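Lettering follows sequence order; numbering is per chain, from 1. Everything numeric here is computed off the predicted structure, so don't read it as measured data.
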Amino acid sequence: MNAPVTTPTGKSRPIGASAVRSGGVDRVTGGQQYVCDVRVTDPLQVKLVTIHSARARILSIDTSAAAKVPGVRLVLTAADLPQPVPRFGPHVEDRPVLAVGQVNYHGEPVAAVAAETRRAAEEAAGLVRVEYEELPPVFTVDAALAPEAPLVLDPSLRPAGDPRAQTNIFSEHHFGWGDPESVEEEADLVVENSYEYPIVTHFAIETHACIAAPDNDGVVVWSTVQHSFQLQKMLAKVLKLPLSKVRIIAPDAGGGFGGKQWANIQPLVALMALRLGRPVRLVLTLEESFQAVRRTSAKVRIRTGLRKDGTLVFEDIESNFLIGAYVDISDRVVSKGSYLAGGPYRVPAVRIVARAVLSNTPPATAMRGFGVPETAWAREMNLDEGALALGIDRLDIRLRNLVRYGEQFVPNDTPADGRWEQVVKRAAELIGWGSPVPPGRGRGLALGLKSGPTTGLSYSTVRLLADGSAVVFSGTSDMGQGARTVFSQIAAEELGVPVEQVAVVMGDTAVVPYDQQTSASRSTVIMGTAVLNACRDIQAQVRTAAARVYGLEESEVSVDGGVVCLPDRELPLVEVAKAGLGKMGGEYVGNGIGRRDPVAGHPLSGTAVFFEFNCTAIEVEVDRRTGELILHRHVSVGDTGKSLNPMQVKAQDDGAAIMGLGHAMMEHYIFDDAGRVRNLGAIDYRIPTSKDLPLELISESVENGDGPGPYGAKGVSEGSILCVAPALGAAVRDAIGIAIRDLPLSPERVWRAMNASRS
Amino acid sequence: MNDRFPIDLKINGQSYSVDVSACDTLLDFLRDQLGLTGTKECCVVGECGVCTVIVNGRTVNSCLMLAAEADGCDVLTVEGLATEGRLSPLQQSFLDHGAAQCGFCISGQLMSAHNLLTRKPHPTVEDVQEALAGNLCRCAGYEQMAEAVLDVAKGAKE
Ligand code: FES
Ligand code: FES
């Protein structure tokens, strides 16, 4: 399982081999420094003050008792901040650093205490007296859309002239082609149903943490953030500092899953540090992290029109996504998650209406799958219903409608970039589709499709050092997906350096060049291209050096991976590089860019760089007395183009599949009547443990080298979560003959469904 | 509140005589007082397992034990697994199997697995899943961890 060591001629290649994780040793010795492990000199500890209400008018805040606690250095409320209180957000700047006059979701901070010790900060936070008047909250789609519903978002925070300012609809997106109404009569069957996907949360085991310290005339911020350069830009604006004076250090995060992309606590912590002139540190509790980030939930109504033979005639999809009290990036989740709601199918007419509905709930943000699991749940379940009504095999109906390689299935967008029928057939084979199903069990199969990034910009610098080792500089964050390892493999491949001798430096905006963001499974493709181009820049320099050293024309020299080809022989690139440096030593510095420009007028501002395509198939047994599900086999097959590190790809796929099972079987926020989240915490919320695994979990990839990334790679890490829920829902229906259209498929829900059908 | 107690204990084979705060947990003591930050913190109520250490041969959620209670105890943390700079077979196996992804839960997983192998050098896969059931991993490398543990067991003497 160890990486192959590159031979002197560079022939044995790191790409496609499972190099052990770069940073892996620190992860098994406890040596890795996460933000919460970073030690700064003489820090103050911060504790947030919240009230137990989802929506309330703040009448007064009395900080006098808190300020008297020994060791307390600051009790900060909105009134103490610059006025008007700075607001921020990736889409609209709607979120205040601290609640201004009103709390809009359960857990929104109203004040913050900084003290010499954590205990003093906690004690003081408990002594801050907040008088407030409860206001009626909205925390469901129906309540938010009711005509008399109170407004969640202050209209003045909306874009000027927003026609929806007096509603709780933040935005409404319309996508599609053809006209479902005019083709409806061609359909022999129309299936119409509503499906719900609940609120779930990221639950990265590392909670959100931030340390900020004054740094000469600027600020340095350590943050568990995925997009360090976006945070830098946002903080520079809030703090009115040039980018050069805002340094973000983002050590590898302990899991992100999208929840650590955008700012939440960082502006507050940075403002406190600058005000106090001392380092301050805030590590959220698990409960606070639950209240900081969560996935969009959705209510999807779908009409699927089919011919007798199973051919899709139209899809008509209306999805209402419940977002939080502040928009964060959720509007993009709604639009991007809905844009491909029609699925990987050839459909003559598709209409998609998607709304982002504001509510007094914790802010919804990006999460693995980015809106796609919500819509895939509805589409795939409904397609099954059609197949069953028409008496068509559920696999056949998918293969019949599935687009083939090169087919443009969304007008003016990227054509199908994979041989997806291979993926589907492989998954069907692995689940034993068509073979008799053991009694008491059922099988289901579903397809998921997600567009990768639609724009991108990543810079990388690679340095080939005098001894033939190399350093890669990249602004990507490695939160477990293994980007470090992949970049070291690319450099090893291109420069002929053993993978163990490549260091990868990340996570410091003062050190690495710009990267737009770490999201949408983009890093292998876009940053990977930047790394590749930086290495090619070095190859070109070495080629020039070779011509000089060996007295040749440059045209007589070529470079292939780590090998320099001269007219009469091949030499390892590093040998030639060393000769080129001569006695003085020095190094080669290569720069590279990975870039995808926006497309004007495109509804997502750009076409898909690649697609993540997945087929999940499940065999489940249902315990008829308890409603419990026993997963006998879970199959997930994706299309990676080329798996640069198969071991990491499999681990990410397994992990996404298990997270998907968590969403499908157990996870959801439970609200009380007043809109407060009742199940904050590990046990009350519940995610899969080592005892909740399918008896057999199979993750595989189809590789045809047809991706746009280095060596034909596409992005991975999200595919395996996209359609777990509908595959499971279909398997359960196959077992018990009842379609359940809400999640999670908890024992209670399954039992109730069986019981209702019995009586 | 600020009472301090003198305690004597062994951590990773080294003896300590220290004063600890009456209200510090073993986790606080390890991380904040000794700077042994390999042991992680998440839920602080005994539900996630990232703070798992071994005390007198038993796995313990160090967020649930007071530092003062560790008086006279023998404590093993993740920092004590490698010897003389060499990874233990279990650590090496986690690495080889790609079991550590983001890594945040891994210290706790290693301690639970280490203790299992000490008690039962040849566990079944069910034993491993049971032993790790109190250690959440959101990267969900459960299969990779189980394989890593079983691989070590294969190499162990009967
Ligand atoms: S931090 Fe101790 S069990 Fe979670
Ligand atoms: S490796 Fe990330 S939580 Fe376990």
Between A/V283 and chain B, with a heavy-atom cut-off of 4.5 Å, which part of the residue counts as in contact: side chain, backbone, both or neither? neither
What are the two closest non-hydrogen atoms of A/Y34 and B/F104, and how far apart are they? OH-N, 3.2 Å
Side chain, backbone, both or neither: which part of B/L81 has an atom under 4.5 Å from a heavy atom of chain A? neither
Report, as yes or no, whether the 6.0 Å neighbourhood of atom CZ on B/R86 holds more than 12 heavy atoms from other residues, nucleotides or ligands. no
To the nearest 0.5 Å, tell me how far A/R686 CZ sits from B/L136 CG. 9.0 Å
Any side-chain heavy-atom pair of B/C23 and A/R119 under 4.5 Å: yes
Please rank A/L697, A/D478, A/D252 by heavy-atom pairs under 4.5 Å with chain B and give me the top one. A/L697
When A/H202, A/Q33, A/Q32 are compared by non-hydrogen pairs under 4.5 Å with chain B, the top option: A/H202
Residue pairs fulfilling side-chain hydrogen bond (donor to acceptor under 3.5 Å, both in side chains) with at least one residue in residues 128-141 of chain B, sequence neighbours excluded: A/E667-B/R138, A/K691-B/E130, B/T52-B/N135, B/S112-B/N135
Closest non-hydrogen atom pair, B/L95 against A/V28: N-CG1, 4.5 Å
Spell out, as yes or no, whether a donor-acceptor pair under 3.5 Å connects the side chain of A/S690 to the backbone of B/A133. yes
Test item: B/R31 and A/C36 side chains (from C-beta on) under 4.5 Å apart, heavy atoms: yes
Among the listed options A/G255, A/S289, A/A204, A/G655, the residue most often paired with chain B at heavy-atom distances under 4.5 Å: A/G655
Are any of the side-chain heavy atoms of A/I205 and B/K40 separated by less than 4.5 Å? no
Which atoms of A/A253 approach chain B - backbone, side chain, both or neither, heavy atom under 4.5 Å: backbone
Is any side-chain heavy atom of B/T37 closer than 4.5 Å to one of A/R39? yes
Atom pair CG/SG of A/L286 and B/C43 - distance to nearest 0.5 Å: 7.0 Å
Indicate the atoms forming the closest heavy-atom contact of A/G30 with B/S107, along with that distance. CA-OG, 4.1 Å
Test side-chain contact (heavy atoms from CB on, under 4.5 Å) applied to A/V25 and B/L87, step by step: CA-CA 8 Å; A/V25 171; B/L87 298 182; 4.3 Å; yes
Residue pairs passing the side-chain hydrogen bond (donor to acceptor under 3.5 Å, both in side chains) test where at least one lies in residues 647-660 of chain A, sequence neighbours excluded: A/R368-A/Q652, A/T485-A/Q648, A/K650-A/D654, A/Q652-A/S717, A/Q652-B/Q101, A/D653-A/S720, A/D654-A/S699, A/D654-B/Q144
Just wondering, do B/V78 and A/T29 contact through their side chains at under 4.5 Å, heavy atoms? no
When only pairs under 4.5 Å are counted, which of A/T285, A/I687, A/D692, A/N645 shares the most heavy-atom pairs with chain B? A/I687
Which residues from residues 62-75 of chain B are near chain A, with near meaning under 4.5 Å between non-hydrogen atoms? none
Given heavy-atom pairs under 4.5 angstrom as the criterion, report whether the side chain, backbone, both or neither of A/D37 touches chain B. both
Shortest non-hydrogen contact from B/E143 toward A/P694: OE2-O, 4.5 Å
Applying a strict 4.5 Å limit to non-hydrogen atoms, the region of A/L693 in contact with chain B is side chain
Taking all atoms of both residues into account, what is the closest heavy-atom pair of A/A651 and B/G98, and its distance? CB-O, 4.4 Å
Closest heavy-atom pair and its distance - B/A140, A/I658: O-CD1, 3.5 Å
Listed by chain and number, what are the salt bridge (charged side-chain N to carboxylate O under 4.0 Å, His left out) partners of B/E147, not counting sequence neighbours? none
Answer with side chain, backbone, both or neither: which region of A/F203 has an atom nearer than 4.5 Å to a non-hydrogen atom of chain B? both
When rounded to the nearest 0.5 Å, the distance separating CZ of A/F257 from SG of B/C102 is 6.0 Å
